[in-house]
2 protein chains.
Amino acid sequence: MITNMKSLKIILEKEGIKPTYQRLKILEYMSRNTVNHPTVEMIYERLLKDIPTISMTTVYNTLSAFLEKGLVGAITITGTEMRYDFNTASHHHFLCKQCGRIIDIEVTCPFSEGKKLQHGHRVEEIHGYFKGICKDCLKDMKNSVKESNP
Amino acid sequence: MITNMKSLKIILEKEGIKPTYQRLKILEYMSRNTVNHPTVEMIYERLLKDIPTISMTTVYNTLSAFLEKGLVGAITITGTEMRYDFNTASHHHFLCKQCGRIIDIEVTCPFSEGKKLQHGHRVEEIHGYFKGICKDCLKDMKNSVKESNP
DNA sequence: TTCATATTTGTAATCATTTTAATTATGTAA
DNA sequence: TTACATAATTAAAATGATTACAAATATGAA
Ligand SMILES: [Mn+2]
Ligand SMILES: [Mn+2]
Ligand SMILES: [Zn+2]
Ligand SMILES: [Zn+2]
């Protein structure tokens, strides 16, 4: 989590992105919400509190710029909307079909190591994820059973 | 590739799906196009030749039914539209950013083996894929360079 | 200040998918 | 066969995420 505006500004300037207020706040939000894997909607709704005039378009454009410069990663896992990730280090995900949360997973295996060639194709991105029921939802399901069979 | 309607019919009946003409043709198309990872659009356009009255909705509904029964897999990798896969065995994919093709990749590693628990989460699906430039597009790019520097 | 340019904003358009309701096909009882 | 119930298909409308476009606003140099 990067709390001071100074270092956020430096990150943007290093990539040749002019550090406007909305861009800084979007980057700040991303750095504070690494576990969320937020949607554009989530970012927009939160930033409305600080910047009542901000538009969806700005959030979309800014994230596209960040993505292009490699400041964030993008995950197409739900099939309905894009999820963004401030953690650009190679890691995998778990999507819970029950609660919809996307959880980071550490999996070390040949699949997730290095962007080399695969069957002659040039690899630029590596994505891996699981779908299922998360730990917490499993617990909730067990509790529900208990409650109905006391 | 399953060519005869008889065995296609048996597949659907085994899953409790009434083998209508459109459903059989959609399943036949899927079994013939395992390398494509087709979109609903692709399936619809092809089937129009055989069934001029077929609707998009039927293709959507049928694939949802197939998916529910595990007769096909679904891939959310492009971020724009769903791609379907007749090959339900565990395997990975490569998406070419140039030509848009989705290519099967055999990767054997702990990540792709068995649907067990991961960090306490119940795993029901495993997805892995690479993005980059495919072998053929790499070749084309080299040829373009040659042509402009003869 | 004035002008050029970049950024932000609001609105409209696009595209994949879902919902809804009408139409058609299928099977069975009378 | 006919009549009716049910399932499947179809067409049309609605939805939701994203993109395109054009107007408004901010920034910064001359
Ligand atoms: Mn992550
Ligand atoms: Mn495949
Ligand atoms: Zn959950
Ligand atoms: Zn290619």
Side-chain angles (χ1 to χ4, degrees), chain A residues 8-9 12-13 15-29 36-69 71-72 74-84 95 100 102, chain B residues 8-9 12-13 15-29 36-69 71-85 95 100 102:
Chain A
L8 291 169
K9 203 166 162 229
L12 293 186
E13 280 168 345
E15 299 296 344
I17 299 173
K18 206 166 288 182
T20 65
Y21 186 60
Q22 12 283 83
R23 286 169 180 172
L24 284 167
K25 295 302 275 184
I26 291 171
L27 189 63
E28 184 193 29
Y29 178 95
N36 281 29
H37 304 92
T39 63
V40 164
E41 177 80 24
M42 288 162 74
I43 301 166
Y44 171 74
E45 290 298 340
R46 176 60 189 78
L47 291 194
L48 268 184
K49 295 179 184 177
D50 298 343
I51 317 170
T53 60
I54 201 170
S55 72
M56 283 280 239
T57 308
T58 296
V59 183
Y60 273 107
N61 289 339
T62 301
L63 285 168
S64 294
F66 289 1
L67 191 61
E68 207 161 290
K69 299 296 187 177
L71 292 179
V72 299
I75 311 171
T76 61
I77 165 171
T78 65
T80 52
E81 79 292 289
M82 191 72 87
R83 310 289 289 252
Y84 291 92
L95 170 65
I102 295 177
Chain B
L8 290 170
K9 202 164 163 233
L12 293 186
E13 280 167 345
E15 299 295 344
I17 299 174
K18 207 167 287 181
T20 66
Y21 187 59
Q22 12 282 83
R23 286 168 179 174
L24 285 167
K25 296 300 276 184
I26 291 171
L27 189 62
E28 183 193 28
Y29 178 96
N36 281 30
H37 304 92
T39 63
V40 163
E41 177 81 24
M42 289 162 74
I43 301 166
Y44 171 74
E45 290 299 340
R46 174 62 188 81
L47 290 194
L48 267 184
K49 295 178 184 177
D50 298 343
I51 317 169
T53 60
I54 201 171
S55 73
M56 283 280 240
T57 308
T58 296
V59 182
Y60 273 107
N61 289 339
T62 300
L63 285 168
S64 294
F66 288 1
L67 189 63
E68 206 161 292
K69 298 298 186 178
L71 292 179
V72 299
I75 311 172
T76 62
I77 167 171
T78 66
T80 51
E81 78 292 290
M82 191 72 87
R83 308 289 290 250
Y84 291 92
D85 195 344
L95 171 65
I102 295 177

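Order of the sequence lines fixes the chain letters, A, B, ..., with proteins taken first and strands second; residue numbering starts at 1 for each chain. Since this is a predicted model, take the numbers as computed values, not measurements.
- The only option from A:T76, A:I77, A:L63 that meets the side-chain contact (heavy atoms from CB on, under 4.5 Å) definition with A:M82 turns out to be A:T76.
- The shortest distance between side-chain heavy atoms of A:V40 and A:M56 falls below 4.5 Å.
- Residue pairs satisfying the salt bridge (Lys or Arg N to Asp or Glu O under 4.0 Å) criterion with at least one member in residues 36-48 of chain B, sequence neighbours excluded, are listed as follows: B:R46-B:D50.
- B:R23 is linked by a salt bridge (charged side-chain N to carboxylate O under 4.0 Å, His left out) to nothing, counting only residues two or more places apart in sequence or in another chain.
- Here the CD1 atom belonging to B:I54 is positioned 4.5 Å from the CD1 atom belonging to B:I26, to the nearest 0.5 angstrom.
- Under the side chain to side chain contact (heavy atoms under 4.5 Å, CB included) criterion, A:M42 pairs with A:Y29, A:N36, A:P38, A:T39, not counting sequence neighbours.
- Under the 4.5 Å side-chain criterion, counting only non-hydrogen atoms from C-beta, A:T78 is in contact with A:R83.
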What pairs of nitrogen or oxygen atoms, one from the protein and one from nucleotides 24-30 of chain D, lie under 3.5 Å apart?
none

- Taking only Watson-Crick and G-U wobble pairs with both distances under 3.5 Å, what dot-bracket line describes DNA chain D, where [ ] shows pairs that cross earlier ones and | shows pairs with another strand? ||||||||||||||||||||||||||||||

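- For DNA chain C, the residues of residues 51-62 of chain A within the heavy-atom distance limit of 4.0 Å (strictly under) are A:T53, A:I54, A:S55, A:T57, A:T58, sorted by number.
- Residue pairs meeting the side chain to side chain donor-acceptor pair (under 3.5 Å) criterion with at least one member in residues 54-68 of chain B, sequence neighbours excluded: B:S55-B:T58.
- Taking atom CG of residue A:L67 and atom P of nucleotide D:dT18, one finds them 12 Å apart after rounding to whole Å.
- Taking 4.0 Å as the cutoff to heavy atoms of chain B, we find the contact window on DNA chain C bounded by C:dA16 to C:dT19.
- Taken residue by residue, residues 37-49 of chain B places no heavy atom nearer than 4.0 Å to DNA chain C.
- Residues passing the side-chain hydrogen bond (donor to acceptor under 3.5 Å, both in side chains) test with A:T20: none are found, sequence neighbours excluded.
- Between A:Q22 atom CD and A:I51 atom CD1 the span is 5.0 Å, to the nearest 0.5 Å.
- Partners of A:L67 by side chain to side chain contact (heavy atoms under 4.5 Å, CB included), not counting sequence neighbours, listed by chain and number: A:V72, A:A74.
- Screening residues 55-66 of chain A for salt bridge (Lys or Arg N to Asp or Glu O under 4.0 Å) gives no qualifying pairs among residues at least two apart or on separate chains.
- When all heavy atoms of B:L12 and B:L71 are compared, the closest pair comes out as CD2-CD1, 3.8 Å.
- Side-chain contact between A:K9 and A:L24: present, with at least one pair of heavy atoms (C-beta onward) separated by less than 4.5 Å.
- Comparing B:Q22 and B:G79 by the nucleotide of DNA chain D that holds the closest heavy atom to each, the one mapping nearer the 5' end is B:Q22.
- Note that OH of B:Y21 and CG of B:L47 are 9.0 Å apart. Values are rounded to the nearest 0.5 Å.
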